[in-house]
Amino acid sequence: MKKLCIVLGDQLSLSLSSLKAINRETDLVVMAEVWNETLYVKHHKKKLVFILSAMRHFHQELKKSGYQVVYHKLDEKLKFSSFTEVIEYHIKKIKVEKIVVTHPGEYRVLQELKSCGKQLESNIDILPDDRFISEQSTFNTWAKNRKQLRMEYFYRELRKRHDVLMEEGKPVGGKWNYDAENRKPAKTGLEILGPTEIATDSVTNEVARLVEDNFSSHFGDIVPFNYAVTRKQALIVLNEFIEQRLVNFGTYQDAMIEDNAWMFHAHISLYLNAGLLLPGECVRLVEEAYYNNKAPLNAVEGFIRQILGWREYIHGFYWFVMPDYAEQNYFNAARKLPEFYWTGKTKMNCLRQCIKETKENAYAHHIQRLMVLGNFALLADISPQDVNNWFMVVYADAYEWVELPNVTGMALFADGGMLASKPYASGGNYINKMSNYCQNCHYDVKQKTGEQACPFNYMYWGFLARHQKLLSGNHRLSMIYNVWNKMTAEKKQAILESAQQFLNSNEIQ
Ligand code: FAD
Ligand code: DLZ
Ligand code: SF4
């Protein structure tokens, strides 16, 4: 009798709880490329190449570490649609005492594994997901009985609990948060090194051919492919970030520059989310960089807040609010996603740039996702279902546990404020301040109404006016509603007419 350990495609860590629970010489590990996982959303081609290549490399690593592993490739004679079919197949072949799996990242997969256990009448042990710093119970205990679930307070708890950037029980430097220093636009002449590029090998090339042959209708470019596909390579990316870009990470965290997709960001979310890097090691290495005087506190605290704060919070939040959360639609937004989100064909330069880079890289940084791509969808009342689908498709780091709260909660405020304290809505001014996109735009960011005016400007007010009943009670919006209420009737009418004309125009069909 053996244990059957299923390692999912985003669980590529040798320290995984399921691997720790088996005997590497006698029990069996199974990894499988299955059609349902490649097709449940039409993933960006680059994401497919990344995941499948990283899975195949991890299989080699498991073998080297002495595990008994069976690996099923997508294009082999023996094809599997689902994890259930894979488990069923192995249960028929060998006597299985128990199935062991680390808790999956997505609710959908958890349901599948649970019902598979029932259906096959086999024991299935779902072990805690140890690819995060905190356990789910920590979030649940923190969240229970709280009126509001704000990231900042969960982050402070974790700083204390894990003793990160702490000195005698107080935050290093005296403040928890240096965000106010992290909002600078990029100045001209700033030197920004390109991202770390990892050369492809024969495994990745083979997977790239498989993806081209089988998923040609999916969005996105495969070439150039410079992503890491092993832990060793991912550590190179992380270390180069710490050596070269961390120093400026904080200051220019929100800045956007035309034709520079990478800025001073780390580009590691796809590795963290697939298990190639662990959040704890990223936090410790960056903290060390601070104590070794390699980077200032605003950069180090800013980065640590992204991982120890946002990433942990988002993960805990997802499992706390699922499954109902997937249905949230506070504004009853129903417009379908404009075609330009796929083609990039729009006169709005900010959106054109972000979509072009997303297509090329399966990557955009946070402010591009939030304040350009998400902001437009919010202002135009685009259906949360469509927006979530788009964000799940286009990014190499997208899994529902992280994509859904970021889109439904942060970008769209479609949960009515469970995650964010107010909608991240903004006019063109913000984009103009934080980027140089407006310099090359068909529209004029300074104009508020009329054909030439920046659509973000009138759409911003149009959104606030449409949803005044739902939003005017929010004290963080009271100043802005005061401005709206004081506008003359003519001005309001001109804004609303411009917004209506734009929303009915070809530009957003
Ligand atoms: P950096 O800016 O260098 O930050 C470092 C790390 O912090 C990231 O690698 C990531 O692991 C973590 N992090 C930062 N912000 C967040 C956040 N809000 N939530 C969770 N982790 C965070 N992130 C994903 O990993 N997958 C997604 O599908 C995803 N979808 C998003 C959708 C929207 C609308 C928004 C606004 C944000 C989304 N994010 C998502 C969060 C964030 O944009 C990405 O994690 C980040 O851009 C990844 O790039 P990076 O590694 O260069 O990050
Ligand atoms: C994303 C993904 C893809 C594209 N393909 C596979 C696959 O073939 N086999 C697999 O085990 N995992 C894959 N994954 C990752 C899973 O979708 C992921 O494990 C679940 O979304 C749970 O988070
Ligand atoms: Fe975007 Fe408006 Fe600036 Fe054009 S003018 S780039 S639409 S913010």
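All ligand and atom numbering here is 1-based and tracks the order in the structure.
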With heavy atoms only and a cut-off of under 4.0 Å, state how [X] meets ligand 2: side chain, backbone, both or neither.
X	result
H43	side chain
F83	side chain
Q11	neither
M31	neither
I51	side chain
L48	side chain
V109	side chain

Quick one: does [X] get within less than 4.0 Å of ligand 1, heavy atoms only?
X	result
F249	yes
F303	yes
P279	no

Residue selection (non-hydrogen contact nearest [atom]) among [options]:
atom	options	value
atom 25 (O) of ligand 1	L272, N273, L238	N273
atom 38 (C) of ligand 1	N406, L404, V286	N406
atom 34 (C) of ligand 1	W401, W390, F391	F391
atom 5 (S) of ligand 3	N429, N432, V445, N440	V445
atom 49 (O) of ligand 1	Y395, Y399, Y363	Y363
atom 13 (N) of ligand 1	M151, Q306, R369	Q306

Please say whether [X] places an N or O atom under 3.5 Å from an N or O atom belonging to ligand 1.
X	value
H365	no
W310	no
M410	no

*Is D179 paired with R183 through a side-chain N to carboxylate O contact shorter than 4.0 Å?*
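Here R183 pairs with D179 in a salt bridge, since their nearest N and O are under 4.0 Å apart.
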*atom 4 (Fe) of ligand 3: nearest protein contact (heavy atom, Å)*: C441 SG, 2.3 Å
For [X], take its heavy atoms, then give the atoms of ligand 1 lying under 4.0 Å from any of them.
X	answer
A364	47 (O)
H366	18 (N), 36 (C), 37 (C), 41 (C), 42 (C), 43 (O), 47 (O)
V407	32 (C), 34 (C)
H267	50 (P), 51 (O), 52 (O)

*asked:* Can you tell me if N506 has over 12 outside heavy atoms packed within less than 6.0 Å of its CG?
replied: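 No, CG of N506 has 12 or fewer neighbouring heavy atoms, counting only those of other groups under 6.0 Å.
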_Atoms of ligand 2, numbered as shown, that sit under 4.0 Å from any heavy atom of E106_ =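 Contacts of ligand 2 toward E106, numbered from 1: 21 (O), 22 (C), 23 (O).
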*Subset of ligand 2 atoms that lie under 4.0 Å from at least one heavy atom of G105*: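 Numbered from 1, ligand 2 contributes 22 (C), 23 (O).
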*Within less than 2.8 Å of atom 2 (Fe) of ligand 3, any N, O or S from C454?*
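So C454 counts as coordinating atom 2 (Fe) of ligand 3, yes.
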_M55 to ligand 2, any heavy atom closer than 4.0 Å_ = yes
*Parallel, tilted or perpendicular, as decided by the 30° and 60° cut-offs, for the rings of H90 and H72*: tilted
*Anything under 30° is parallel, anything over 60° is perpendicular, the rest tilted; go ahead and classify Y395 against W390.*
perpendicular
*Is there an N/O/S atom in C350 at a distance below 2.8 Å from atom 3 (Fe) of ligand 3?*
no
_Using a 4.0 Å heavy-atom cut-off, which part of I314 comes near ligand 1: side chain, backbone, both, or neither?_
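The answer is the side chain of I314.
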*R56 NZ/CZ over Y71 ring centroid, <6.0 Å and within 45° of normal*: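 No - R56 does not lie over the ring of Y71 by the 6.0 Å and 45° rule.
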